[in-house]
Amino acid sequence: MAEEAPQSVVRRAEELRRQLNYHNYRYYVLDSPEIGDAEYDRLFRELEELEAKYPELVRPDSPTQRVGAEPLEEFGTIRHRAPMLSLGNAFDESDLHAFDERVKRHLGLPADEQIDYLMDLKVDGLAVSLTYESGVLARGATRGDGYTGEDTTQNLRTVRSIPLRMLGEDPPPLIEVRGEVYLDRREFARINREREDERLPVFANPRNAAAGSVRQLDSSITARRRLDIIIYGMGASEGVSFDRHSEMLDALEARGFRASPQRAVCHGVDETAAYYQRWLQKHGELSYGADGVVVKVDSLAMQSDLGQVSRSPRWAVAYKFPPEEQTTVVKDIFVSVGRTGALTPVAMMEPVVISGSTVQMATLHNEDEVARKDVRAGDTVVVRKAGDVIPEVVTVVTGKRTGNERKFVMPDKCPVCGADAVREEGEAVRRCTGIACPAQINGRIGHFFSRGGVNAEGLGPKIIAQLASKKMVRDPADFYFLTKDDLLKLERMGDKLAQNVLDAIASAKHPPLRRVISGLGIRHVGGHVAEVLAEQFGSLARLAGASEEELADTPEIGPVIAQAVAVFFRQEQTKELLRKLRKAGVSAQPAVAAPRASGGAFAGKTVIFTGALSIPRSEAEAMVKAQGGRATSSVTKSTDLVVVGDSPGSKAEKAQGLGIPIVTEDEFRRMLEQSD
Ligand code: IVH
């Protein structure tokens with residue numbers, strides 16, 4: 001059935017890959033797109049369709065391969081051609097001078113010689129090696145022990161700033177490109193917010209989050225985390241040679257890689273010290289965490305003369321920023337109540353400036369954590385920003401205790417509404433049980449309208465709290481009934497602000513379904529789970545009516561989430577909220593063409609296509625959706641049906657192993673016809 005692609009199609013696919021890779025580079029590396037999203041999507045879909053029709057056209061450098069592949073059982077290993085070394089550290093200016101003197105001594109140069117150093121920032125992420133063969137990304141690996149790393153090719157392919165194919169003509173036959181993969185502060189915060197919503201443990205810092213994302217057996221999870229890369233060097237290579245490190249980075253940049261935009265060549269050690277001072281002041285302003293600067297001898301001939309000692313090169317050193325720690329005094333420890341009723345102890349401190357911003361509050365997480373650190377009101381404490389981002393109390397300076405400090409006692413009543421606060425067995429968190437707890441109500445409303453929810457920009461926590469305290473709103477639906485006169489009753493509310501608030505609310509009247517679902521604040525349901533549910537059920541009404549079994553049958557939805565969702569929609573309070581939202585004219589937009597209201601040949605079924613079909617795969621998938629089903633790309637035990645075309649791949653084998661029904665394309669068509 002699989003026809004061979006005509007030459008014109010082969011050429012078109014090649015042209016599309018080239019264009020898409022170029023526009024990807026404009027967007028993710030240069031941050032300066034030439035075309036809009038819609039145009040990009042159109043090119044992308046065209047390539048997708050060609051590849052679905054002629055699977056032999058799928059190439060490793062096709063941008064369609066960035067979305068993640070089938071989950072792995074375990075990572076393979078990759079031996080680095082040139083080892084990935086680590087760096088010696090310098091902590092102050094005398095260490096820096098000692099390094100400079102060592103370099104000159106080894107090279108037999110006079111002490112007053114000015115060496116050229118290539119400087120860049122030490123990005124706080126994890127090191128990877130990318131092997132390009134004839135310009136195409138062939139393998140990607142973590143550092144591992146420096147000699148052998150983990151084969152994380154599938155995951156690294158999902159990083160948009162990693163070129164799948166180098167730019168330019170005549171690429172070298174082989175080159176290992178080395179760089180640091182990281183998450184910027186915003187993305188780190190977003191991932192942790194989502195994990196909090198899904199009740200998963202949060203990552204302590206962006207570095208751990210980046211490492212956890214790259215070392216994911218399921219690359220579709222990696223694809224959802226916006227990882228980035230900065231290139232800082234090269235390992236083994238064939239067919240290229242440079243005189244200077246800076247020249248090599250310029251060449252890599254011209255090939256489409258993202259080298260550090262802050263890099264600079266400094267002449268002599270004094271200039272390197274000035275570079276360090278500048279970034280010591282300014283690194284807090286970067287969009288990502290940097291824990292120092294790296295000083296490298298720029299001449300590659302000198303680098304090779306200098307060689308290495310144990311596992312660090314003699315030609316480079318990491319000059320670290322001092323840990324961003326300050327001491328301050330805890331004025332008080334108060335307990336904040338979140339929308340889920342969780343009681344969180346928070347340290348209120350005398351304000352201190354840490355890497356460029358003022359810190360005066362730090363979460364102490366839960367009562368066990370307070371006890372473990374033994375933090376008391378009145379204590380002098382050391383604070384830092386975890387991974388340069390989240391303020392945390394590192395330790396108490398017990399030597400400064402006077403005896404007047406007050407020990408913290410976790411209340412067993414909610415400090416906001418007075419209801420019992422209960423800590424369930426096996427949980428670290430104590431929760432308020434009050435049904436009408438204002439903290440929970442405000443938190444839930446705030447969450448509904450937040451960026452993680454329906455995203456009504458301009459409706460902030462202050463206004464919500466004002467309206468709630470006047471009992472003008474009790475749930476998110478009430479907001480849609482507010483008039484300007486209502487708002488003008490609030491203190492410090494003028495005509496213009498009132499109009500802005502009304503506009504913000506109106507803008508959230510037809511939000512995407514996934515946003516409404518995540519905005520409801522159902523236990524264990526964060527942004528991603530909400531998206532899965534939106535795709536599967538297509539409307540709020542269908543989701544609300546789904547049984548626990550139906551929910552648990554949804555891919556990626558386990559029994560715990562299924563139960564939480566079912567329990568949520570069974571509650572009177574939820575039913576009332578949905579009724580009111582409907583009455584207010586709030587209607588959610590389904591993410592994809594909504595499945596047929598009832599039934600359909602594939603209602604509630606997950607279908608997978610493998611091998612070459614006679615129609616574009618996207619079309620076949622649309623047919624499944626139109627019949628109430630869901631088309632996914634990886635075979636799991638919740639897959640219901642596998643449709644095989646010509647020369648099916650490993651998916652068919654896997655399905656067979658799992659005992660999942662397998663049908664041919666003809667049989668699939670008959671199933672469709674029967675339903676009409
Ligand atoms: S140069 C010979 N430059 O720091 C090693 N490393 O402590 C050459 N790192 O494993 C490394 N940013 O993961 C270099 N601008 C930068 C860096 C950088 C982060 C990491 C890298 C390396 C570790 C060494």
Side-chain angles (χ1 to χ4, degrees), residues 80-91 95 99 102-103 117-130 140-150 152 156 159 161-162 176-184 205-211 213-215 227-237 242 244-246 248-250 252-253 257-266 272 275-276 278-280 283 286-300 302-321 323 387-388:
H80 305 305
R81 295 208 179 199
M84 293 181 78
L85 303 174
S86 50
L87 289 173
N89 289 325
F91 296 103
D95 291 347
F99 164 76
R102 242 182 355 254
V103 164
Y117 291 108
L118 181 276
M119 310 289 294
D120 54 22
L121 292 169
K122 189 164 186 304
V123 184
D124 202 11
L126 89 158
V128 298
S129 181
L130 307 167
T142 58
R143 177 169 181 273
D145 63 4
Y147 298 97
T148 307
E150 282 172 320
T152 46
L156 292 169
V159 179
S161 41
I162 294 181
E176 283 179 338
V177 177
R178 303 276 161 85
E180 197 84 352
V181 169
Y182 68 94
L183 287 165
D184 71 21
N205 55 53
R207 202 198 122 71
N208 289 0
S213 306
V214 171
R215 300 187 62 261
L227 291 160
D228 226 320
I229 193 166
I230 287 183
I231 297 302
Y232 53 69
M234 243 168 65
S237 68
F242 304 103
R244 289 174 166 265
H245 203 101
S246 50
M248 168 180 85
L249 291 176
D250 293 346
L252 287 171
E253 203 169 62
F257 292 91
R258 192 159 167 257
S260 164
Q262 294 87 17
R263 69 185 188 279
V265 176
C266 289
T272 68
Y275 179 96
Y276 172 87
R278 188 162 70 247
W279 284 106
L280 175 61
H283 75 95
L286 294 167
S287 63
Y288 54 87
D291 55 354
V293 304
V294 183
V295 188
K296 296 168 202 164
V297 172
D298 197 28
S299 153
L300 296 178
M302 286 185 185
Q303 284 191 5
S304 83
D305 281 353
L306 285 158
Q308 64 188 72
V309 257
S310 72
R311 292 202 177 183
S312 311
R314 277 201 200 85
W315 45 265
V317 73
Y319 186 2
K320 300 296 261 302
F321 298 137
D388 240 14

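For ligands, and for the atoms within them, numbers begin at 1 and follow the listed sequence. From a predicted model like this one, the values you see are computed outputs, not experimental measurements.
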Query raised in the report: Once the angle between the rings of His245 and Trp315 is folded into 0 to 90°, is it parallel (under 30°), tilted (30 to 60°) or perpendicular (over 60°)?
Result: tilted
Report task. For the residue pair Phe321 and His283, categorise the inter-ring angle as parallel (less than 30°), tilted (30 to 60°) or perpendicular (more than 60°). Result -> parallel
**Report entry** Protein residue, atom and distance nearest to atom 11 (C) of ligand 1, heavy-atom basis
**Finding:** Tyr232 CE1, 3.7 Å
Query - Numbered atoms and elements of ligand 1 in range of Asp120, under 4.0 angstrom, heavy atoms - result: 3 (N), 15 (N), 16 (C)
**Report entry** Leu121, portion touching ligand 1 at heavy-atom distance under 4.0 Å
**Finding:** backbone
Query raised in the report: Is the closest basic N to carboxylate O distance between Arg258 and Asp228 below 4.0 Å?
Result: yes
Query raised in the report: Okay, side chain of Gln262, backbone of Leu121: is any donor-acceptor separation there less than 3.5 Å?
Result: no
Report summary line: The side chain to side chain contact (heavy atoms under 4.5 Å, CB included) partner of Leu227 among Leu156, Ile162, Val159 is Val159
Query - Atom indices of ligand 1 within 4.0 angstrom of Pro313 heavy atoms, with elements - result: 2 (C)
Query - Side-chain (Asp184) to main-chain (Ser287) donor-acceptor, under 3.5 angstrom - result: no
Query - Closest approach of any protein heavy atom to atom 12 (N) of ligand 1, naming residue and atom - result: Val123 N, 3.1 Å
Report task. Please report which non-hydrogen protein atom sits nearest to atom 1 (S) of ligand 1, along with the residue it belongs to and the distance in Å to one decimal place. Result -> Lys296 CE, 3.3 Å
Query raised in the report: Arg143 side chain to Ala127 main-chain N or O, any donor-acceptor pair under 3.5 Å?
Result: no
Query raised in the report: Do Ser86 and ligand 1 have an N or O pair less than 3.5 Å apart?
Result: no
Query - Electrostatic pair Asp95-Lys320, nearest N-O below 4.0 angstrom - result: no
Query - Residue part near ligand 1, for Val294, under 4.0 Å between non-hydrogen atoms - result: side chain
Report summary line: Within the 4.0 Å heavy-atom cut-off, what Arg178 brings close to ligand 1 is neither
Query raised in the report: To which of Val295, Asp124, Leu85 does the heavy atom nearest atom 5 (C) of ligand 1 belong?
Result: Leu85
Query raised in the report: With distance as the sole test, does Glu150 use its side chain to make a donor-acceptor pair with the main-chain N or O of Arg215 at under 3.5 Å?
Result: no
Report summary line: If we number the atoms of ligand 1 from 1 as shown, the ones under 4.0 Å from a heavy atom of Ala127 are 10 (O), 13 (O)
Query raised in the report: To the nearest 0.1 Å, how far is atom 8 (C) of ligand 1 from its closest protein heavy atom, and which atom is that?
Result: Leu87 CD2, 4.1 Å
Query - Heavy-atom nearest neighbour of atom 13 (O) of ligand 1 within options Glu180, Lys122, Met119 - result: Glu180
